[in-house]
A.B. asks: 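Below are the structure tokens for one structure; questions will follow.
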Amino acid sequence: MSCDQDAETRHVLGCFRDRLKRLIQVEPLLDLLHFLEPDRKDRIKAKFREEGDINAAAFLIDEIIHSKNYARGWSRELIAALETVGCRHAAKYVLNSPPEPTEEAENDSCVRLIDLLQLTLVSMKTGDVCAHCRALGLLTLEDQENIMKLTENQGNIGGARLLLKRLVKNEAGWFSKFLQALEDTEHHDLVRELRGEPCNEDVHIEVITNGSWICEFLQTQLSNYRIISLPSSEESKRDIVLRDYQMEVARPALEEKNIIICLPTGSGKTRVAVYITKKHLERKKQMGQPGKVVVLVNKVPLVEQHYKAEFGRFLKHQYSVERVSGASQLKISFPQIIEQNDIIICTAQILENSLAKAKNGDEDGIKLSQFTLMVIDECHHTKKGGVYNHIMIRYLSQKHKNQLLKKQEKSPVPLPQILGLTASPGVGGAMNQQMAEEHILQICANLDAFTIKTTTFKEEEAKTPYKRIARAEERKEDPFGDVIKKIMDEIHTHADLKPLCDPGTQYYEQWVVQKEQNAAKEENQMVRVCAEHLRQYNEALHQSNTIRMSDAFRFLNKYHTEELKTKSSPDEEGTITITDTERFLFTLFKDNKAKLQELMGKPQYENNSLAQLKTNILKEFSTRERARGIIFTRTRLSAIALCQWIQENPKFDEVGVRASYLIGGGDQSVVKPMTAAEQKDVLNKFRDGQINLLIATTVAEEGLDIAECNFVIRYCLVTNEIAMIQARGRGRAEDSSYTLVAEAGSGVAERESVNEYREKMMSTAIVKVCKMNRADYEKKTREFQMQAIIEEKVKIKKKLLKGMMKEPPSKISLSCRQCSVFVCSGEDIEKIENMHHVNVTKQFSKLFTVRENASLQERLLDYETNGVIACKNCGQQWGSMMLYKSIECPCLHIKHFVVTYSSKKKTFSKWSELPIKFPAFDYTQHADLLVEDSEEEDLETD
């Protein structure tokens with residue numbers, strides 16, 4: 001081709017860019033494009049790995065359009081390459097020979113139909129269909145090999161998705177051949193589905209050769225399919241088929257009995273619950289009775305997950321399904337949602353709040369009697385103090401009252417059937433087998449379970465991860481840690497503190513926290529501020545033992561920088577108001593800063609656990625064809641730091657590691673939490689393969705729908721047997737591994753052995769409880785239930801007495817936790833929405849400064865947080881500035897103050913711990929005062 005033809009091809013690529021990017025297969029094509037320089041190919045391949053085929057194809061097209069350095073004839077090479085890799089449709093566009101508009105429209109409709117029905121089509125026998133499509137010229141040999149390889153590695157559905165993705169890149173006419181392939185492989189139902197015909201008629205389908213009907217079919221049926229959101233495989237017939245072991249554990253629930261289902265992570269507990277829900281509602285309908293199901297979860301992200309992946313996916317075509325959580329934006333009340341829907345998925349706290357309202361006579365409340373089935377996810381949390389248990393106590397109390405009503409020949413109040421789901425009920429810290437059995441019986445009693453159902457897997461046992469412990473040698477030298485310990489010793493001497501345990505341990509953390517609290521009450525500012533700094537150094541020691549020394553240094557440096565900022569006087573810029581002790585502490589860090597920086601740059605002093613972790617990650621990614629794993633670590637800081645370490649290390653990049661971190665959404669002062677949207681984005685990328693290594697805190701151990709992994713690593717982290725089982729359950733793929741990385745002598749490996757022993761105790765306990773004599777089982781669970789009811793009554797009475805005994809606000813006063821300056825009397829404090837404690841007095845406004853809020857602002861109902869309020873005297877944070885209906889309200893956080901109550905000084909972490917009744921915020925009064933002040937200012941101006 002001439003230069004003019006090359007220029008014309010560039011123009012054509014620009015014109016058809018949006019269409020071509022969907023038709024080009026980038027990965028095989030790049031190998032045949034010799035006119036592209038290697039570094040450009042590498043950039044395009046990186047784009048493909050990170051963002052997928054379409055974005056990589058768009059990047060390739062842009063590279064070709066904008067580069068003028070290619071040798072003559074490159075366009076001929078491009079077209080030949082497209083045809084070689086099977087992208088003949090794309091080649092025609094590049095040749096400026098696109099199909100006729102009507103043909104193009106029909107082909108687009110075919111593509112849309114495949115996309116629309118993909119969840120149904122992936123149930124095909126991928127191997128058979130793939131072979132027939134190859135024979136019909138729809139796939140190249142390389143396509144067939146890739147599809148079969150993916151089928152082998154990721155299962156039938158993964159291969160089917162790749163097959164469909166490849167098919168739609170063919171030139172017009174592929175659709176009828178695909179139908180032929182389906183017909184030849186006896187997928188008659190799928191052919192009927194694609195043609196829009198009923199799927200329950202056992203008639204032979206003659207394969208069409210004309211696709212003109214598709215546009216009309218799409219116009220009339222598309223909206224219906226979108227609403228239905230057709231599920232995959234057998235569920236495409238709107239039915240759920242359970243495996244034998246799933247049906248076995250579900251059977252008592254299908255007989256309307258309360259049960260707990262205990263199955264490992266990834267074995268389909270939620271699918272069983274969906275099936276039971278469906279059969280429950282069908283049975284109610286057949287009996288002419290109303291049916292209503294509530295699905296309770298303990299984490300906000302699980303609400304959306306259960307809706308999209310399970311309950312909504314399989315049941316919304318037949319029943320009205322709605323989800324509610326603190327993140328929901330629904331405009332109607334919870335009782336209305338309950339009334340208008342058949343299945344409600346919500347966080348347990350929302351249900352508990354509404355049940356409490358009904359108990360108090362609030363019209364906006366609901367009752368348990370409105371439900372016929374209650375599904376409780378992660379039901380092992382149904383224990384004292386938990387929100388699940390609060391709900392079940394209401395249930396058990398009503399059940400007890402119903403027994404009395406029956407004796408009086410009165411109608412009992414209906415109660416819902418209970419279905420509990422868990423991967424591990426645990427043993428509750430049991431030290432022997434008897435205590436383990438007592439714990440299982442307690443959980444069964446709390447959930448009023450007829451039995452607990454589990455199974456021993458035979459065919460599934462192959463999916464149990466191979467477990468190993470990777471012990472790292474103890475550090476021979478730790479000069480970085482020695483410098484930190486030396487600093488801590490100097491602080492101990494300065495404050496005359498004598499620690500009872502070694503720095504860098506959890507015990508030291510507990511000791512220093514207690515010292516800080518006592519010092520705050522005693523107004524001993526020297527000890528208090530020293531204890532606070534010691535706590536930060538202790539955390540840095542822990543970090544240097546698990547992550548890089550540079551991460552520990554950055555943590556300390558950031559802390560001291562932020563502390564110095566709080567000491568800046570807002571009135572006299574540049575001056576610092578600090579005590580002698582604070583000056584000593586800041587100078588101490590400054591004097592040792594250079595030494596710490598020097599040592600952190602010497603890799604020979606890094607902890608051996610990190611090197612062991614590196615070895616394990618490289619091994620997983622070097623020996624597996626498609627590695628996908630999770631590393632569990634203790635803190636959010638370590639998750640983020642480990643992720644940065646991996647991303648900055650070229651060795652990991654060489655073996656294809658694409659890492660991201662996943663942390664919790666709860667608010668913390670040290671690390672900005674992840675929002676639900678951010679968590680969802682990371683999980684989606686992990687599921688799609690854009691990320692293949694997650695570094696997570698315990699937020700990922702339980703509940704969240706995380707793609708199958710073939711390796712799990714717990715990094716210097718051991719908690720209890722439930723967490724161990726949950727984490728190990730993430731390794732669900734074939735040939736998966738579970739590794740504990742721990743430093744020798746740290747005690748981590750030993751605690752893991754204890755958890756393994758407890759897991760065996762738990763399994764034995766469940767079996768024994770299942771085999772108990774029915775009368776003995778019912779007697780024991782009834783005893784536990786009566787004990788729980790009595791304890792709850794005593795608790796309520798105490799609470800009522802405490803409420804009656806609540807003192808007037810004048811009985812308390814607040815002083816700054818750091819400098820002990822008097823802040824305000826309790827009489828100055830009011831409550832907004834029975835939750836936020838504010839002080840809007842003019843006198844109080846003179847005592848604090850407002851600093852910028854480092855975290856993102858959150859818009860909440862009628863108020864928003866605008867900034868942080870801090871002590872003018874010492875810079876100690878006191879709370880946040882709220883804007884409530886246009887009035888600025890300083891909101892106080894009790895943990896930042898020392899409370900003088902009945903002549904005694906105390907510290908509190910929550911306002912609810914304080915037995916004081918504060919008045920409600922009088923909006924009208926304060927608004928009037930605000931208007932008067934504004935008018936006076938206007939008069940003065942005039």
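Treat the numbers as computed from the prediction; the structure is a model and nothing was measured.
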A.B. asks: So, Glu438 and Gln442: side-chain donor and acceptor under 3.5 Å apart, yes or no?
C.D. replies: no

A.B. asks: Other residues, nucleotides and ligands only: do more than 12 of their heavy atoms fall within 6.0 Å of CD on Gln408?
C.D. replies: yes

A.B. asks: Can you see which heavy atom on Cys889 is nearest to which on Tyr884, and at what distance?
C.D. replies: SG-CB, 4.1 Å

A.B. asks: State, yes or no, whether a side-chain contact exists between Leu662 and Phe686 at a heavy-atom distance under 4.5 Å.
C.D. replies: no

A.B. asks: How close do Ala309 and Phe314 get, counting heavy atoms only, and between which atoms?
C.D. replies: O-CE1, 4.0 Å

A.B. asks: Hey, is CD on Glu778 packed in by over 12 heavy atoms from elsewhere, all under 6.0 Å?
C.D. replies: yes

A.B. asks: Between Asp342 (side chain only) and Tyr319 (backbone N and O only), is there a donor and an acceptor less than 3.5 Å apart?
C.D. replies: no

A.B. asks: Applying the side chain to side chain contact (heavy atoms under 4.5 Å, CB included) criterion to Val375, which one of Val294, Leu296, Thr277, Ile343 satisfies it?
C.D. replies: Thr277

A.B. asks: Of the options Ile260, Asn389, Leu441, Ile376, which is the one that meets Asn446 in a side chain to side chain contact (heavy atoms under 4.5 Å, CB included)?
C.D. replies: Asn389

A.B. asks: Hey, are the side chains of Phe371 and Ile366 touching, using non-hydrogen atoms and a 4.5 Å cut-off?
C.D. replies: yes

A.B. asks: So, Asp377 side chain and Val297 main chain: donor-acceptor pair closer than 3.5 Å or not?
C.D. replies: no

A.B. asks: Side chains of His306 and Arg323: does their closest heavy-atom pair fall under 4.5 Å?
C.D. replies: no

A.B. asks: For Ile440 and Gly426, work out which heavy atoms get closest and say how close.
C.D. replies: CD1-O, 3.6 Å

A.B. asks: So, for Cys262 and Pro425, which heavy atoms are closest and what is the spacing to 0.1 Å?
C.D. replies: SG-CD, 3.7 Å

A.B. asks: Within the structure provided, determine whether Val249 and Thr454 are in side-chain contact (heavy-atom separation under 4.5 Å).
C.D. replies: no

A.B. asks: Step by step, would you call Glu256 with Arg283 a salt bridge (Lys or Arg N to Asp or Glu O under 4.0 Å)?
C.D. replies: CA-CA 10 Å; Glu256 301 187 71; Arg283 183 170 59 250; 3.4 Å; yes

A.B. asks: Quick check for you: to the nearest 0.5 Å, what is the distance between Leu419 atom CG and Lys269 atom NZ?
C.D. replies: 11.5 Å

A.B. asks: I'd like to know if the side chain of Gln417 reaches the main chain of Ala253, judged simply by a donor and an acceptor atom lying under 3.5 Å from each other, with no hydrogens or angles considered.
C.D. replies: yes

A.B. asks: Please determine whether side chain to side chain contact (heavy atoms under 4.5 Å, CB included) holds for the pair Ile391 and Met374, giving the CA-CA distance in whole Å, both sets of side-chain angles, and the decisive distance to 0.1 Å.
C.D. replies: CA-CA 11 Å; Ile391 293 169; Met374 185 157 65; 3.9 Å; yes

A.B. asks: Test salt bridge (Lys or Arg N to Asp or Glu O under 4.0 Å) on Lys279 and Glu282; report intermediate values, then the result.
C.D. replies: CA-CA 5 Å; Lys279 294 300 179 185; Glu282 285 175 356; 3.7 Å; yes

A.B. asks: Any chance you could lay out the side chain to side chain contact (heavy atoms under 4.5 Å, CB included) test for Val303 and Val324, step after step, and finish with the verdict?
C.D. replies: CA-CA 7 Å; Val303 174; Val324 188; 5.9 Å; no

A.B. asks: Calculate, to the nearest 0.5 Å, the distance between atoms OG and NE2 belonging to Ser909 and His893 respectively.
C.D. replies: 13.0 Å

A.B. asks: What distance do His439 atom NE2 and Cys444 atom SG have between them, rounded to the nearest 0.5 Å?
C.D. replies: 9.5 Å

A.B. asks: Does the Lys292 side chain pair with the main chain of Asn341, one donor and one acceptor, at a distance under 3.5 Å?
C.D. replies: yes

A.B. asks: Quick one: sort the His381 and Tyr388 rings into parallel, tilted or perpendicular, breaks at 30° and 60°.
C.D. replies: tilted

A.B. asks: Side-chain contact, heavy-atom cut-off 4.5 Å: Ile894 with His837?
C.D. replies: no

A.B. asks: Quickly, which of Lys406, Gln398, His400 forms a side-chain hydrogen bond (donor to acceptor under 3.5 Å, both in side chains) with Asn402? Name it, please.
C.D. replies: Gln398

A.B. asks: Are His836 and Phe921 side-chain neighbours, meaning at least one heavy-atom pair lies under 4.5 Å?
C.D. replies: no

A.B. asks: Between Met762 and Ser424, which heavy-atom pair has the shortest distance, and what is it?
C.D. replies: SD-OG, 3.4 Å

A.B. asks: Does atom OH of Tyr661 have more than 12 heavy-atom neighbours, drawn from other residues, nucleotides or ligands, at distances under 6.0 Å?
C.D. replies: no

A.B. asks: Let me see the working for Gln785 and Lys399 under side chain to side chain contact (heavy atoms under 4.5 Å, CB included), right down to the final yes or no.
C.D. replies: CA-CA 10 Å; Gln785 289 175 352; Lys399 180 188 175 186; 3.8 Å; yes

A.B. asks: Take Val295 and Tyr307 through the test side chain to side chain contact (heavy atoms under 4.5 Å, CB included) and record every step on the way to the result.
C.D. replies: CA-CA 10 Å; Val295 181; Tyr307 175 79; over 6 Å; no

A.B. asks: Could you give the distance from CG (Leu373) to CG (Leu281), rounded to the nearest 0.5 Å?
C.D. replies: 7.5 Å

A.B. asks: Can you tell if the side chain of Cys770 reaches within under 4.5 Å of the side chain of Ile452, non-hydrogen atoms only?
C.D. replies: yes

A.B. asks: Supply the atom-to-atom distance Tyr395 OH to Leu368 CG, rounded to the nearest 0.5 angstrom.
C.D. replies: 9.0 Å

A.B. asks: Surrounding NZ of Lys367 (heavy atoms of other residues, nucleotides or ligands, distance under 6.0 Å), is the total greater than 12?
C.D. replies: no

A.B. asks: Find the distance between CG (Asp448) and CD1 (Ile259) and round it off to the nearest 0.5 Å.
C.D. replies: 13.0 Å

A.B. asks: With a 4.5 Å limit on heavy-atom distance, are the side chains of Val387 and Asn298 in contact?
C.D. replies: no

